[in-house]
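For the numbers below, each heavy atom of this structure counts, side chains included, while hydrogens, waters and symmetry mates do not. Just so it is clear: chains get the letters A, B, ... in the order the sequence lines come, proteins before strands, and each one is counted from 1.
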Amino acid sequence: MAAPRRFAQLSVNSPLKKEIESKPKKDDEKKPTQLSLDMFDVGKPLGQGKFGNVYLVKYKKYDYVCALKVIFKRQLQKCGMGIQMKREIELQSHLNHPNILKLFGFFEDKNRWFLVLEYCKKGELYGLLQQAGRFDERRAARYIKATTEALKYCQEMNCIHRDLKPENIMIDHNDQVKLADFGWSVHTNTKRNTYCGTLDYLCPEIVLEKYYDGSIDQWCLGVLTFELCTGEPPFQSNSREEVMKKVRNVKYSFPSYLTNDCKDFINKLIQYDPSKRMIMEKQWENYQILHSKDVILEDSHDWTLNTLLRGLDISFSTNHPNLAIGCLVVCEYPSGKELLTLTCRKIITIPYISGFLGFREVEVYHELLNDCKEKYPELYPQVVLVDGNGYYHPRRFGSATHVGVYCDIPSIGVAKTVLCVDGIGKKEINIITSQIKPGESTTVSTSNGEVLCEVIRSRGGSINPIIVSCGNKVSLSTAVIICKECCLHKIPEPIRLADLISRKLLRDEGLLSHMN
DNA sequence: GCGACAG
DNA sequence: ATCTTGTCGC
């Protein structure tokens, strides 16, 4: 314990590392250079904290400027953080990422720990934020993106930061983000309102003293985004109790100047239920994979020549957070006669996140389609109608397109509602619908002339439209023809049946909330 | 007929 | 994820 600590693992390009490696390994002694205070010129203090100060220092041998964090063992012990400190150093020294502050090395004397850290000329992001009041979304997004990269890396390394806030994000001379302070942080109680301290970034499970996991960093990322874009943390209040109450109730509101995209992003991260917080890993990965594949928006077959064309639909319904019952209904086209019904019960591991449509569903749909292909190959559908938007989606990738591309099958998106794209929302669609005759349809385009979808007004008296958009390998005009044929009711028959069947199954199993 | 629910 | 709607269960 009292023996001098060895050098921590160094980043590849660290000058300190070069020195160690250039030293001839004499004898069998593998002990690397032992750092000590006299190897540094100590300059001006960079910051003060609860456990000690940070100084600008120069590593004499190479004239290399670093930050030296001094932590008094006494203070640390008083807070019962002695052992934690060592674990944190071990952890931090193994992290190597462009957006994580590098720990070059560490050493100790009788009373103090010394951490040799990367020097960041522009200091804490907190300071820059104070100067600016608030950042415009473009600038905030740059910081958030880099921070996300760092957090993603942390998650891969099974490390939870736990203490994300603008005080712990350093900005170097190149304006690059460097995430700092992995737990042993020098708490900067001088800057933030001492009364609330770092309470602003606490998530509900911490406030309620429940178990927590890596998703607390997602919560904090949402809070951070809010603070960078507005200058104030979302749950700010006069008293500790008030903040905690607001956090428990997830009660916060946006200033009017924020864009919808920004609010949306924050909303997806600041979620009470940890499993509902937007995650960087799987969703994003799937999203990228699917986006890298080609979506075909034209007819891949001459549908009109095939009189035996079958329509199919699958739907998906859940109340239990992770349980889904999917249903696939094959109908004869164009009569709409039901030929086959398959269901699938599956535990979904991906959380539902609005705006990231299709990721949860696609697993279930895929299984159903495979099942059909294996057992009833003659009934395998040529085209699937999917409940929800298709290519017409703010991210240009709705459920129907996901299913179509993922399962490599022609697909059509059939939605009852619209998501706002380029100023076209529910209200605009309703106006458009009211201008067309029952049973007729019209194409809706954005201001650039890009076609989004076709709105069909049902044959009955309702002005509630059916919105058809391209999924994959089916053109919009063909999609509309097929859809109209399948519309015995307002929702195309296969979708309607699948919806009813999957919901009935859930109900029968007592998995819909009104049953208990 | 009324209430719940739909992702 | 708030359909001034459609459907089902009770």
Inset, instruction - Respond yes when some side-chain nitrogen or oxygen of K416(A) is under 4.0 Å from OP1 or OP2 of dA6(B), and no when none is. - result: no
Inset, instruction - Rounded to the nearest angstrom, tell me the gap between atom CG in D264(A) and atom P in dA1(C). - result: 9 Å
Legend entry - Whole angstrom value for the distance that separates P of dA6(B) from CD1 of I467(A): 19 Å
Legend entry - Closest non-hydrogen atom pair between N96(A) and Y153(A), with its separation: N-OH, 2.9 Å
Legend entry - Sub-4.5 Å side-chain heavy-atom contact between K165(A) and N168(A): yes
Legend entry - D508(A) CG to dC10(C) P, straight-line distance once rounded to whole Å: 10 Å
Legend entry - L497(A) CG to dT7(C) C1', straight-line distance once rounded to whole Å: 13 Å
Legend entry - Between P of dA6(B) and CD1 of I325(A), the distance in whole Å: 13 Å
Legend entry - Pairing residues for F235(A) by the ring-ring contact (aromatic ring centres under 6.0 Å, His included) criterion, not counting sequence neighbours: W219(A), Y252(A)
Legend entry - Distance in angstrom units between N260(A) CG and dA1(C) P, rounded: 13 Å
Inset, instruction - Would you kindly say whether S411(A) and N472(A) are connected by a side-chain donor-acceptor distance under 3.5 Å? - result: no
Inset, instruction - Counting heavy atoms from C-beta on, name the nucleotide in dC3(C), dG9(C), dT7(C) closest to the side chain of T417(A). - result: dC3(C)
Inset, instruction - Please tell me which of the listed nucleotides, dG9(C), dT5(C), dT7(C), lies nearest to the side chain of N464(A)? - result: dT5(C)
Inset, instruction - Would you indicate which nucleotide in dT2(C), dT7(C), dG9(C) comes nearest to any side-chain atom of K426(A)? - result: dT2(C)
Inset, instruction - Round to a whole Å and report the spacing from CG of N430(A) to P of dT4(C). - result: 9 Å
Inset, instruction - Give L500(A) one of three labels, base, sugar-phosphate or nothing, depending on what nucleic acid heavy atoms sit under 4.0 Å from its own. - result: sugar-phosphate
Legend entry - I491(A) CD1 to dT5(C) P, straight-line distance once rounded to whole Å: 14 Å
Legend entry - Distance, C1' atom - from dA1(C) to dA4(B), rounded to whole angstrom: 15 Å
Legend entry - Any R503(A) side-chain N or O less than 4.0 Å from OP1/OP2 of dC8(C): no
Legend entry - Within 6.0 angstrom of E378(A) CD, more than 12 heavy atoms from elsewhere: yes
